[in-house]
Number of protein chains: 2
Amino acid sequence: MFKVSDRVFCSVVSDPTSAPWLSDDEQRAWMALTTVLTTLPAAIDAQLKRDSGLNFFEYTILSSLAQAPGRALRMNSLAHLAAGSPSRLSHAVSRLEGHGWVARRNTESPEGRWVEAVLTDAGATAVAAAAPAHVREARRLVFDGLTAEQVEQLTRIGYQLLRATAPHLTACMEVPGARPPT
Amino acid sequence: MFKVSDRVFCSVVSDPTSAPWLSDDEQRAWMALTTVLTTLPAAIDAQLKRDSGLNFFEYTILSSLAQAPGRALRMNSLAHLAAGSPSRLSHAVSRLEGHGWVARRNTESPEGRWVEAVLTDAGATAVAAAAPAHVREARRLVFDGLTAEQVEQLTRIGYQLLRATAPHLTACMEVPGARPPT
DNA sequence: ACACGAAGGTTGCCACATCAACTATTGAAT
DNA sequence: ATTCAATAGTTGATGTGGCAACCTTCGTGT
């Protein structure tokens, strides 16, 4: 069995020659963060897959379309909303099309011709059926264990992290005072 | 282009029939969290892949072995340390074996015969070479933007989330007062 | 002694993501 | 007019993770 004394949990190697190393506090945070990064998406995906046959990315696509005016969004916007690459989105939409939940359509807007994904009635039904259990799981995994204060801290920290990982997305969110005055 | 007014960023569908819905605050937190969950691992993996040809899971394996006594760990312990399934670990170790960075070995300990992964000299060299840039990236993506207070908040929140997603792992970490007295 | 179940570990198959290459359309430069 | 670059989107090849089946070894009960 795996004992506490064995724990070398942190994923970085101590090497004094590399100047800016992580402090003990930072190492603990890094360990906790990376483990969450591994286990939480797996848990979310597992529930969706088991109960609805969707992964989280597909669910996000359906959900975004369901909330969009006319149940349609251009592929490019959808890729941003779901934080996925164009390729990943294209593959996923093809899959959803195969289930009859989404359809592709060409826009004949004044400026150029693009591709829109449209949520079908069957798709709307599917996402509406999947949502309640998904939300319950989000509560169970995240919100049930956190205080309201921690939820706010998490929001701020999350927004801050996105400045580095997804700068083009942070423009799309109102930031509630991204970083408290130190 | 993707406009702010289009934003239906949250991945849940509003459905009043499902009793416990997310509040506005929770929806913002959920949106930020899930986007981090998507983009941060991608960023970490991208740096490692580009600079060292490793993904984060493989890096964690090498790093864990490098810090273990005798540079060796049983597969089972390693799976826990890297927060991966036995199958995923087995595949990854096979890959690392192919590069000559890790070797498998049978333990002939008193109680039973298990499999150990051992870090080779080449593997130790590889992980030592990969570490500095990885740490720099961890700083850039996470710590440079956060205050010391936020790092502590992140640690507490992370540990709390792990209670739901990886209960067997939380036992292996000392929790610094997992939840402040509400 | 023998059967049985549990735990550790691996393998093969399938599903999904990434990457690079490619098409098509637009708008600007010359 | 023609070319050039940029943007939108798709496709196919490749690689990696999850799942379920499987093998082995050990410990236990009878």
Side-chain angles (χ1 to χ4, degrees), chain A residues 1-2 37-39 41-50 52-61 72-99 102-117 168, chain B residues 1-2 37-39 41-50 53-61 72-99 102-118 168:
Chain A
M1 192 47 189
F2 156 67
L37 254 31
T38 303
T39 57
I44 296 170
D45 273 333
Q47 179 276 320
L48 277 172
K49 198 68 178 176
R50 172 167 41 79
S52 313
L54 294 165
N55 64 26
F56 181 68
F57 187 64
E58 294 165 336
Y59 178 85
T60 306
I61 292 169
L73 285 170
R74 280 193 42 210
M75 294 297 283
N76 202 21
S77 306
L78 200 45
H80 281 89
L81 289 173
S85 68
S87 167
R88 184 181 185 189
L89 178 67
S90 186
H91 285 301
V93 166
S94 296
R95 246 175 288 145
L96 295 172
E97 234 177 348
H99 290 290
V102 169
R104 270 183 245 246
R105 169 218 284 173
N106 285 326
T107 70
E108 53 260 25
S109 75
E111 6 165 336
R113 186 158 295 172
W114 293 302
V115 179
E116 267 183 349
H168 60 291
Chain B
M1 192 48 189
F2 156 67
L37 254 30
T38 303
T39 58
I44 295 170
D45 273 333
Q47 180 276 321
L48 278 171
K49 198 68 179 178
R50 172 169 41 79
L54 294 166
N55 63 27
F56 181 67
F57 187 64
E58 294 164 336
Y59 178 86
T60 306
I61 292 169
L73 285 170
R74 281 193 41 210
M75 294 297 283
N76 202 20
S77 305
L78 200 45
H80 282 89
L81 288 173
S85 68
S87 166
R88 184 182 185 186
L89 178 67
S90 187
H91 285 303
V93 166
S94 296
R95 248 175 285 145
L96 295 172
E97 232 176 349
H99 290 291
V102 169
R104 269 183 246 246
R105 170 218 282 173
N106 286 324
T107 71
E108 51 260 28
S109 76
E111 9 165 333
R113 186 159 294 172
W114 292 300
V115 179
E116 267 183 349
V118 194
H168 59 293

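Here is the naming used below: chain letters follow the sequence lines, and residue numbers restart at 1 for every chain.
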Original post:
Could you give the CZ-to-P distance, from A:Phe56 to D:dG17, as a whole number of Å?
Top reply: 21 Å
Original post:
To the nearest angstrom, how far is A:Asn76 atom CG from D:dT7 atom P?
Top reply: 10 Å
Subject >> Under 3.5 Å donor-acceptor pair, A:Ser87 side-chain atoms to D:dT11 base atoms >> reply: yes
Would you tabulate the pairs of protein nitrogen or oxygen atoms and nucleotide nitrogen or oxygen atoms of nucleotides 14-17 of chain C closer than 3.5 angstrom?
{"residue": "C:dC16", "atom": "OP1", "partner": "A:Lys49", "partner atom": "NZ", "Å": "3.1"}
{"residue": "C:dA17", "atom": "OP1", "partner": "A:Arg88", "partner atom": "NE", "Å": "3.0"}
{"residue": "C:dA17", "atom": "OP1", "partner": "A:Arg88", "partner atom": "NH2", "Å": "2.6"}
{"residue": "C:dA17", "atom": "OP2", "partner": "A:Arg95", "partner atom": "NH2", "Å": "2.9"}

Original post:
Are any side-chain N or O atoms of A:Ser90 and backbone N or O atoms of A:Pro86, one a donor and one an acceptor, separated by less than 3.5 Å?
Top reply: no
Subject >> Whole-Å gap separating P (D:dT10) and CG (A:Leu89) >> reply: 8 Å
Subject >> d(CZ, B:Arg113; P, D:dC23) in whole Å >> reply: 20 Å
Original post:
Distance from B:Thr38 atom OG1 to A:Phe56 atom CZ, nearest 0.5 Å?
Top reply: 6.5 Å
Original post:
What do the steps show when you test B:Val115 against B:Asn106 for side-chain contact (heavy atoms from CB on, under 4.5 Å), and what is the final call?
Top reply: CA-CA 5 Å; B:Val115 179; B:Asn106 286 324; 3.8 Å; yes
Original post:
Can you tell me how far CG of B:Leu78 sits from CD1 of B:Ile61, rounded to the nearest 0.5 angstrom?
Top reply: 5.5 Å
Original post:
Rounded to the nearest Å, what distance is computed from the CG atom of residue B:Leu54 to the C1' atom of nucleotide D:dG15?
Top reply: 14 Å
Original post:
From C:dT11, D:dG9, C:dT10, pick the nucleotide closest to the side chain of A:Trp114?
Top reply: D:dG9
Subject >> Partner residues of A:Arg88 under the side-chain hydrogen bond (donor to acceptor under 3.5 Å, both in side chains) criterion, sequence neighbours left out >> reply: none
Original post:
If you pin B:Gly84 and A:Val115 to their nearest nucleotides in DNA chain D, which one's is more 5'?
Top reply: A:Val115
Original post:
How close or far is atom P of C:dA7 from atom CE of B:Met75, stated in whole angstroms?
Top reply: 19 Å
Subject >> OG-CD distance between A:Ser77 and A:Glu116, expressed to the nearest 0.5 angstrom >> reply: 9.0 Å
Original post:
Counting just side-chain N and O atoms, does B:Ser90 come under 4.0 Å of either OP1 or OP2 of C:dG9?
Top reply: no
Original post:
For B:Arg104, does its backbone N or O pair with a side-chain atom of B:Glu97 as donor and acceptor, under 3.5 Å?
Top reply: yes
**OP:** Return the nearest nucleotide to the side chain of B:Arg74; candidates are D:dT11, C:dG9, C:dT18.
**Re:** C:dG9
**OP:** Write down the distance between CG (B:Asn106) and C1' (D:dT25), rounded to a whole number of angstrom.
**Re:** 12 Å
Subject >> Integer-rounded Å distance: D:dG9 C1' and A:His80 NE2 >> reply: 14 Å
